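Beneath this line is the structure, given in structure tokens, with notes to follow.
Sequence lines set the chain letters: A, B, ... in the order given, protein chains first and strands last, and positions in each chain run from 1. Since the structure is predicted, the reported quantities are computational estimates derived from the model, not experimental observations.
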Amino acid sequence: MTTTTKKPRTDRFDPAIEPRWREYWQREGIFNAGRRHDAPNRYILEMFPYPSGDLHVGHLKNYVIGDALTRYYVIRGYDVLHPFGWDAFGLPAENAAIKYRRPPREWTYNNIAESKSSLAIAGIMYDWSREVTTCAPDYYRWNQWLFQLLYKKGLAYRAKSLVNWDPVDQTVLANEQVDAEGRSWRSGAKVEKRELEQWFFRITAYAERLLNDLDKLTDWPERVKIMQRNWIGKSEGAEVDFPVAGSNVRMLERSPEGSDESAAMGDEPNVQRGNVQPANEDVIKVFTTRPDTLWGATFMVLAPEHPLVAKLTAPDKRAEVEAYVAKSKLESEIERTSTTKEKTGVFIGAYAINPVNDEPIPIWIADYVLMGYGTGAIMAVPAHDQRDFEFARQFGLPIRLVVQPPGQSVDVDDLTEAWPHDGVMVNSGPLNGVPAGKGEGESVKAAIAWLEERGKGKGTINYRLRDWLISRQRYWGTPIPMIHRQDGSIMPVPEEQLPVVLPEIDDYLPKGKSPLAAAEQWVNVADPETGAPARRDTDTMDTFVDSSWYFLRYTDAQNDEEIFSKAAATRWMPVDQYIGGIEHAILHLLYARFITKVLYDEGLVPDDEPFRALFTQGMVQRRVRTPLESVAPDIVRFPEELRRKVDLPAEAQEIGHARAALKEHSYALEQEPAQSGAEGGDGWVAVSGPVTMSKSAGNGIPVGPFVRQYGSDVARIVVLFAAPPENNMEWTDEGVAGAQRFLNRIVGLFSPDRQAIAGEARGWRLETSPSEHIGTSLQPLASSLTADADKELYRRLNETVKKVTQDTESFRFNTAIAALMSLLNDTVDYRNKAGRVTPVFALLAHTYARLLAPFAPHLAEELHAWFEGQGSIYDAGWPAWDEAALVQEEIEVVLQVNGKVRGKINVPAQADEAQLREWALTNERVLSFIEGKPVRKVIVVPGKLVNVVV
RNA sequence: GCCGGAGUGGCGAAAUGGCAGACGCUACGGUCUUAAAAACCGUUGGGGGCAACCCCGUACGGGUUCGAGUCCCGUCUCCGGCACCA
């Protein structure tokens, strides 16, 4: 694949042309925002990356998509904002710092420099004057300002929260750092839940708006919106107050004689009532989506962490309860929420009073009830909830049917599972006979009305969304700009003292609290009001805070007076097109929407949604070739001579063996590719399926070397053509060769004619009017065309302009490029037959360069220089198709008999229905398939087909 | 378990309800070359036929329609998200 000739060949795409154009674009500021003041705006944005250093071609995909769109809108005459920055705070820098004993800052800025140079080499163009780096004080200053804004608005608060605690390393762990057995990834110690004071953002206050406004986002992928809806997890129901019973209550029991009675008869509940004492002052609030089943609540379950557990536990149960609480504290989230686990729980020796019938019901604790959802307490209705049913069976608790399944009588003893479906209410006092359901006149609404009338509960809405825990006991992040005063109160660092600069420290290892706590000089401050000794908050912010508003900072990145000016935000926001990975479908996008709404409520941004359109691109994958031995031990037995060159037929059996063994590990057996010059493969390797390009998989192709050898334009075509951009795509050598061939063919077609094309163009030069939306029109030439071949090429050109335009705007880059390939094929044929440069061919050449501009920008600019000699192609305007030219004079119409294609005829395009019908019914081939049968019906679709039904 | 999405050649994929497989890759045959590579030309869903052509074919089973890859119902498989969420 490497060319041995040193001189660039004029009939091939030469990557050596690229650096010149990159420098030209940079110098001329072609892609800087604000270049066309009066033109309409576009804000195109790729999710900013964590600066990981050298980029590989997999990283490039995201940027290539954004770059293609940017170039498309620039050539169409828009004023485009296409900025870039770095999500530079975060754990990897800290881990590297711990490992290499160098400041995270140094490591981070080195990586930024490397990544930036990769982007430059690839010719991905940004307005670098707006670069944003989140670890720079002039950025995180505004992060701190934002924190204080939320604090002042009551949206930032401090509360205790359960976190994963590694008792060996004395540190807090993220959920992802705890394995399935609940052990720390680093120390291997059993992780505990520990309660710590943490900072939260009150995102739940925006839950309803975050949910409802999803409907406004018509240009977001449906699945992302669904994921956000699920995450917010709205459910409607009721909050019901269960008073706690005093002493002297008897447990709810099933009466022996009642067990075989049909519960469907609407009898009095077959239970005995205890002697109910007046309730003590404690009330347990319960959230339920099925308040109509209250009459079937036969016990209550609290989360082990529920605050009332300690208080309510009977003295004789205390030891047992405390043991259970301690045990569940040690369990990981994964263990605890495993659905296959058997139900466990402990009776705490206390009773609650069911408010609908004053029955005492026992209170249990169980880990299947989560403190984090609803109120951390449930009423258990075993007949109609599967979890409660399992719990009741496990511990012999009573089950009472209150929803009668339609058309069958049910004995609760025979139930094998709960009945969570519709039916008719029974055993439910005032609700008896009401249909079970959520609609008007149905049980849930009736139950809520009943509760509200009596002050025993109220209809309510519950969200699964939790408040956002933003404090981290970490070094490499934005310091939380708060001061803890002597009296225990907390106050913001005065605004004029911002930023609170992250101090330099030596030891980044967390030790139970933030590493910042060790920076005594930094921590100790004077109380801004009293001058008394006070201490800074030593936690840093979650990096998701940094990334929840960076797109706003781009609109006014140099502003050191405010976070951004309202005018700048109004000019550019919302982002017209946001591009990034699906992995951010929930957290980042939800947080960014939340912060934008907060700023909107402050009157700082013009729109309460940040991203008008969202595109989630697929990843770049590549197969990994590894020595056989490293895949599976059994492959080692593969005879040595077979791992070298082999005689296939003779050794087929062994090879088959190896192949089967490899398949078990999802690998394929392949002969090593021939080394250059050598004949055939000289050994065998195991080849994995396509896996995402990454440093850890070792299958990334570095951007720099690739671009120097093949060219950025080749990389772009590979990535954009191989598959629709939302799909994962496999990077292969064959794909690279195909892209190269495509560009070579373009150069091969136009290069020899460049002077003639430039000369031919003189008379009817394309108009260039950048501010015009539609671009330049192809029409001027149309009327002068006489030859059929010329007319056909002109039609194909217009057809292609239309397709490339529409496909580009709708992210179908693969089909846009396919259309360009197809037109190229036709044009090569045309040029060979014409034998000279005709006006239509020259027009095509000029136009083709423009159509190529979003996808192979360097070559497009080179072609433009050949043909037009001056200026950038991005100021030359985008071609508009000539709609009239798309109409063919003669078209092919398909003839069908009973829906099967039986022939085709060429007819004038204007032929009307009657004519088409006539031609079809007299067509020989059609007649032969009719075979004299009577014609029942003839369907004519003008311009398309005629279907004869017999 | 719940909620989504997707199943089309050897592969990546195309196809406003109207000629299934555009475009590309691979493979095979050919031209050029001492040879190879590159480039160029041709073939490439399956089956049948000397041929003109014919039959079958978009996961599976039904349905709607003159006509279904596309719409509807059911089944299977795969992928993704959530998951003891009361």
Trace of the side chain to side chain contact (heavy atoms under 4.5 Å, CB included) decision for A/Leu217 with A/Leu614: CA-CA 9 Å; A/Leu217 302 173; A/Leu614 172 70; over 6 Å; no
Sugar-phosphate, base or nothing in reach of A/Gly738, heavy atoms under 4.0 Å: sugar-phosphate
Distance between P atoms of B/C85 and B/C79 (Å, rounded): 24 Å
Closest listed nucleotide, where the reference is the side chain of A/Ile586 and the choices are B/A86, B/C82, B/A39: B/C82
Paired and unpaired positions of RNA chain B as dot-bracket, Watson-Crick or G-U wobble under 3.5 Å, | denoting a partner strand: (((((((..(((.....[....))).(((((.......))))).((((....))))..(((((..]....))))))))))))....
A/Glu799 bridged to A/Lys803 by N-O distance under 4.0 Å: no
5' precedence on RNA chain B between A/Arg464 and A/Lys900 (nearest-nucleotide basis): A/Lys900
Would you tabulate the nitrogen or oxygen pairs shorter than 3.5 Å linking the protein to nucleotides 10-16 of chain B?
unit_1, atom_1, unit_2, atom_2, d
B/G12, O2', A/Ala722, O, 2.4
B/A13, OP1, A/Asn727, ND2, 3.0
B/A14, OP1, A/Asn814, ND2, 3.2
B/U16, O4, A/Lys944, NZ, 3.1

Protein-nucleotide distance (A/Leu824, atom CG; B/C40, atom P), rounded to Å: 10 Å
Closest non-hydrogen atom pair, A/Gly58 against A/Val620: CA-CB, 3.6 Å
Span that lies between the C1' atom of B/U8 and that of B/A15, in whole angstrom: 10 Å
Candidates A/Phe395, A/Phe391, A/Phe242 - the one meeting ring pair (Phe, Tyr, Trp, His ring centres under 6.0 Å) with A/Phe299: A/Phe391
Side-chain donor/acceptor of A/Arg716 to backbone N/O of A/Val64, under 3.5 Å: no
Touch class at under 4.0 angstrom, heavy-atom based, for A/Thr732 against every strand present: nothing
Gap between atoms CE and P, on A/Met379 and B/C84 respectively (whole Å): 20 Å
Rounded distance (Å) that lies between atom C1' of B/C23 and atom CD of A/Glu799: 14 Å
Anti or syn - B/G9, cut at 90° from 0: syn
Presence of A/Arg745 side-chain N/O under 4.0 Å of B/A39 phosphate oxygens OP1/OP2: no
Separation between the P atoms of B/G12 and B/A59, rounded to whole Å: 14 Å
A/Glu208: side-chain hydrogen bond (donor to acceptor under 3.5 Å, both in side chains) partners, not counting sequence neighbours: A/Asn212, A/Lys234, A/Tyr463
A/Arg223 side chain near B/G81 phosphate (N/O to OP1/OP2, under 4.0 Å): no
B/U16 versus B/G81 - spacing of their C1' atoms, nearest Å: 32 Å
Partners passing salt bridge (Lys or Arg N to Asp or Glu O under 4.0 Å) against A/Lys225 (at least two apart in sequence or in another chain): A/Glu222
N/O donor-acceptor pairs under 3.5 Å from side chains in residues 819-829 of chain A, not counting sequence neighbours:
unit_1, atom_1, unit_2, atom_2, d
A/Ser822, OG, A/Arg796, NH2, 3.3
A/Asn825, OD1, A/Arg745, NH2, 2.3
A/Asp826, OD2, A/Arg796, NE, 2.6
A/Asp826, OD2, A/Arg796, NH2, 2.9
A/Thr827, OG1, A/Leu823, O, 2.6

Distance in Å, A/Gln386 CD paired with A/His384 NE2, rounded so as to fall on 0.5 Å steps: 12.5 Å
Between C1' of B/C3 and NZ of A/Lys234, the distance in whole Å: 18 Å
Same-atom distance (C1') from B/U70 to B/G63, integer angstrom: 15 Å
Which residue lies more 5' along RNA chain B, comparing A/Gly376 with A/Glu222 via nearest heavy atoms: A/Glu222
Touch class at under 4.0 angstrom, heavy-atom based, for A/Lys904 against every strand present: base
Euclidean distance, atom CD of residue A/Glu913 to atom P of B/G18 [Å, nearest integer]: 17 Å
Pairwise P distance for B/C73 and B/G80, with rounding to whole Å: 26 Å
Touch class at under 4.0 angstrom, heavy-atom based, for A/Asn825 against every strand present: sugar-phosphate
Length of the CZ-C1' vector between A/Arg229 and B/G4, whole Å: 11 Å
Qualifying ring pair (Phe, Tyr, Trp, His ring centres under 6.0 Å) pairs, either residue in residues 798-830 of chain A, two or more places apart: A/Phe615-A/Phe811, A/Phe811-A/Phe813
B/G42 and B/G49, which share atom name C1', separated by this distance in whole Å: 22 Å
Value in whole Å for how far the P atom of B/G24 lies from CD1 of A/Ile817: 12 Å
With A/Trp220 via side-chain hydrogen bond (donor to acceptor under 3.5 Å, both in side chains) - residues at least two apart: none
A/Arg902: partners by salt bridge (Lys or Arg N to Asp or Glu O under 4.0 Å), with sequence neighbours left out: none
I'd like a list of close polar pairs between nucleotides 43-54 of chain B and the protein, N/O only, cut-off under 3.5 Å.
unit_1, atom_1, unit_2, atom_2, d
B/C54, OP1, A/Arg925, NH2, 2.8

Spacing of A/Met693 atom CE and A/Met729 atom CE [to the nearest 0.5 Å]: 7.5 Å
Polar side-chain contact A/Glu390-B/C84 base: donor and acceptor under 3.5 Å: no
Protein-nucleotides 62-71 of chain B N/O pairs closer than 3.5 Å?
unit_1, atom_1, unit_2, atom_2, d
B/C66, OP1, A/Lys937, NZ, 3.1
B/C66, O2', A/Asn947, ND2, 3.3
B/C66, O2, A/Asn947, ND2, 2.5

Counterpart residues, side-chain hydrogen bond (donor to acceptor under 3.5 Å, both in side chains), relative to A/Asp753 (two or more places apart): A/Arg831
Interatomic distance at C1', B/C25 relative to B/U43, whole Å: 16 Å
CA sep, side-chain torsions, deciding dist, call: A/Leu916, A/Leu945, side chain to side chain contact (heavy atoms under 4.5 Å, CB included): CA-CA 8 Å; A/Leu916 286 170; A/Leu945 59 77; over 6 Å; no
Integer-rounded Å distance: B/C85 P and A/Arg290 CZ: 14 Å
side-chain hydrogen bond (donor to acceptor under 3.5 Å, both in side chains) against A/Lys438, all qualifying residues, sequence neighbours excluded: none
